[in-house]
Amino acid sequence: MKLLWMSLIVCSTPLISLASTPTDVQYFIERRDGCDHFRGEYPYDEERGRFIAKNLKDLCTGTDKQLKKVKEEIRATASNHGKA
């Protein structure tokens, strides 16, 4: 029973507090979540297919590059604080 409660606590606790997360990281997380959402969508008709394709283009384009930039910024900040 203790394991069940611990699992519920861990699963219900956000790993990242967005309130204390830099704005550019928040923006990246929101875009990447949207991108991942539309990657799993099924285009059941032509109109839906166009809608999914547009959202994939808008949300996914450039996120790999943006992730690399965010990681570099985090590493630089950590090394400036002697944590790297």
Side-chain angles (χ1 to χ4, degrees):
M1 187 65 150
K2 184 177 180 181
L3 182 60
L4 173 63
W5 282 107
M6 289 174 63
S7 297
L8 289 173
I9 291 169
V10 170
C11 292
S12 64
T13 304
L15 296 177
I16 299 173
S17 171
L18 289 181
S20 63
T21 305
T23 306
D24 59 335
V25 176
Q26 289 180 29
Y27 178 68
F28 168 78
I29 291 169
E30 290 172 11
R31 279 190 68 210
R32 193 63 172 239
D33 282 349
C35 172
D36 291 341
H37 168 80
F38 281 102
R39 283 182 179 158
E41 289 291 304
Y42 179 74
Y44 48 78
D45 62 25
E46 195 173 314
E47 181 181 354
R48 180 71 178 165
R50 286 191 303 270
F51 177 76
I52 293 169
K54 180 189 182 320
N55 279 284
L56 286 171
K57 181 180 178 188
D58 292 347
L59 295 169
C60 299
T61 302
T63 57
D64 290 338
K65 186 176 180 179
Q66 188 179 11
L67 175 60
K68 182 179 176 184
K69 180 181 174 197
V70 166
K71 285 181 176 182
E72 289 169 355
E73 289 173 1
I74 290 170
R75 282 189 198 105
T77 301
S79 66
N80 288 338
H81 289 102
K83 296 179 183 176

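Atom CD of Glu72 sits in a crowded spot, with more than 12 heavy atoms from other residues, nucleotides or ligands closer than 6.0 Å.
The nearest pair of heavy atoms linking Phe38 to Leu59 is CD1-CD1, 3.8 Å. Of all heavy-atom pairs between Asp24 and Glu73, the closest is OD2-OE1, 2.6 Å. Nearest approach of Pro43 to Gly49, heavy atoms of both residues: CB-CA, 3.5 Å.
Ion pairing of Asp36 with Arg39 is present here, as a side-chain N (NZ or NE/NH1/NH2) and a carboxylate O approach within less than 4.0 Å. Checked for salt-bridge contact, Asp64 and Lys69 miss the test: no charged N lies under 4.0 Å from a carboxylate O.
The main-chain N or O of Gly62 is never found under 3.5 Å from a side-chain atom of Arg31 such that the two would form a donor-acceptor pair. Under a 3.5 Å cut-off, the side chain of Thr61 and the backbone N or O of Asp58 do not form any donor-acceptor pair.
Within the model, atoms CD of Gln66 and CD1 of Ile29 stand 10.0 Å from one another, a figure rounded to the nearest 0.5 Å. The line from NE2 of His37 to CG of Leu56 is 9.5 Å long, rounded to the nearest 0.5 Å.
The side-chain contact (heavy atoms from CB on, under 4.5 Å) test with Phe28 is passed by exactly one of Glu30, Gln26, Arg32: Arg32.
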